[in-house]
Q: 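Pasting in a structure now, in C-alpha cells, and then I'll have a few things to ask.
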Amino acid sequence: MQLTINGQQADVPAKTLDELLLLLGHTDRWFAVALDGMHIPRDVWSHTELREFQAVEILSPMQGG
C-alpha cells in the first residue's frame, strides 16, 4: 500500500495504523499520530484501517525553549 509517511512516499504491507507503527519500529509511548491531518487517539490505532495514498504524520515531542 502506498502511503506518505512524514512527507516521504512509502510502500508498506500494513493494513492498520497499529501494524504500520510496529513495522516502523515505533514501540515507545511518546509520540502522536495524525492520519490525513486528523489526530488519531492511541486507543483506536489497532482498528484504524489504512487506505491507499493516505498521509501519516508521526509526531514526537521536542524539548527546549
Side-chain angles (χ1 to χ4, degrees):
M1 169 179 318
Q2 288 288 324
L3 298 172
T4 302
I5 303 171
N6 288 355
Q8 302 292 315
Q9 298 289 320
D11 187 15
V12 295
K15 293 182 179 174
T16 65
L17 186 55
D18 202 34
E19 288 176 7
L20 175 66
L21 294 169
L22 288 173
L23 181 72
L24 297 174
H26 290 282
T27 56
D28 63 28
R29 301 183 58 82
W30 303 108
F31 60 92
V33 177
L35 189 59
D36 287 338
M38 293 184 53
H39 172 256
I40 306 297
R42 183 177 303 270
D43 60 342
V44 298
W45 289 356
S46 63
H47 42 83
T48 299
E49 293 186 20
L50 299 172
R51 294 187 315 269
E52 194 84 26
F53 307 117
Q54 284 187 301
V56 179
E57 295 290 331
I58 302 166
L59 310 163
S60 298
M62 296 179 66
Q63 292 182 337

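If you're wondering where the values come from, they're calculated on a predicted model, not measured in any experiment.
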Q: Checking the side chain of D36 only, and the main-chain atoms of Q54 only, is there a donor and an acceptor separated by less than 3.5 Å?
A: no
Q: Starting at CG of L3, measure out to CG of L35 and round the result to the nearest 0.5 Å.
A: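 Reported value, rounded in 0.5 Å steps: 8.5 Å.
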Q: Indicate if L17 and L59 have the same hydrophobic cluster label, given that clusters are the connected sets of ILVMFWY residues with side-chain heavy-atom separations under 4.5 angstrom.
A: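 No, it is not one cluster - the side chains of L17 and L59 are not joined through contacts under 4.5 Å.
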Q: Could you check whether any side-chain heavy atom of V12 comes within less than 4.5 Å of a side-chain heavy atom of I5, counting everything from C-beta outward?
A: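 They are in contact (side-chain heavy atoms under 4.5 Å apart), so the answer is yes.
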Q: Give a yes or no answer on whether the side chain of E52 reaches the backbone of Q2 with a donor-acceptor pair at less than 3.5 Å.
A: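 Between the backbone of Q2 and the side chain of E52 there is a qualifying donor-acceptor contact (under 3.5 Å).
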Q: Would you say the side-chain atoms of E19 pair up with the backbone N or O of K15, donor to acceptor, closer than 3.5 Å?
A: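 Side chain of E19 to backbone of K15, a donor-acceptor pair under 3.5 Å: yes, one is there.
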Q: Kindly assign one of parallel, tilted or perpendicular to the pair H26 and F31, based on the angle between their ring planes and the thresholds 30° and 60°.
A: tilted
Q: In the structure I gave you, are the side-chain heavy atoms of N6 and E57 within less than 4.5 Å of one another anywhere?
A: yes
Q: Can you tell me if Q9 and T4 form a side-chain donor-acceptor pair at under 3.5 Å?
A: yes
Q: Counting C-beta onward and ignoring hydrogens, is there a side-chain heavy-atom pair between L22 and T27 closer than 4.5 Å?
A: yes
Q: Is there a path from I40 to F53 through hydrophobic residues (I, L, V, M, F, W, Y) whose side chains come within less than 4.5 Å of each other?
A: no
Q: Work out which heavy atom in L23 is nearest to a heavy atom in P13; give both atom names and the distance.
A: CD2-CD, 3.6 Å
Q: Heavy atoms only: give me the nearest A14-M1 pair and the separation to one decimal.
A: O-CE, 3.7 Å
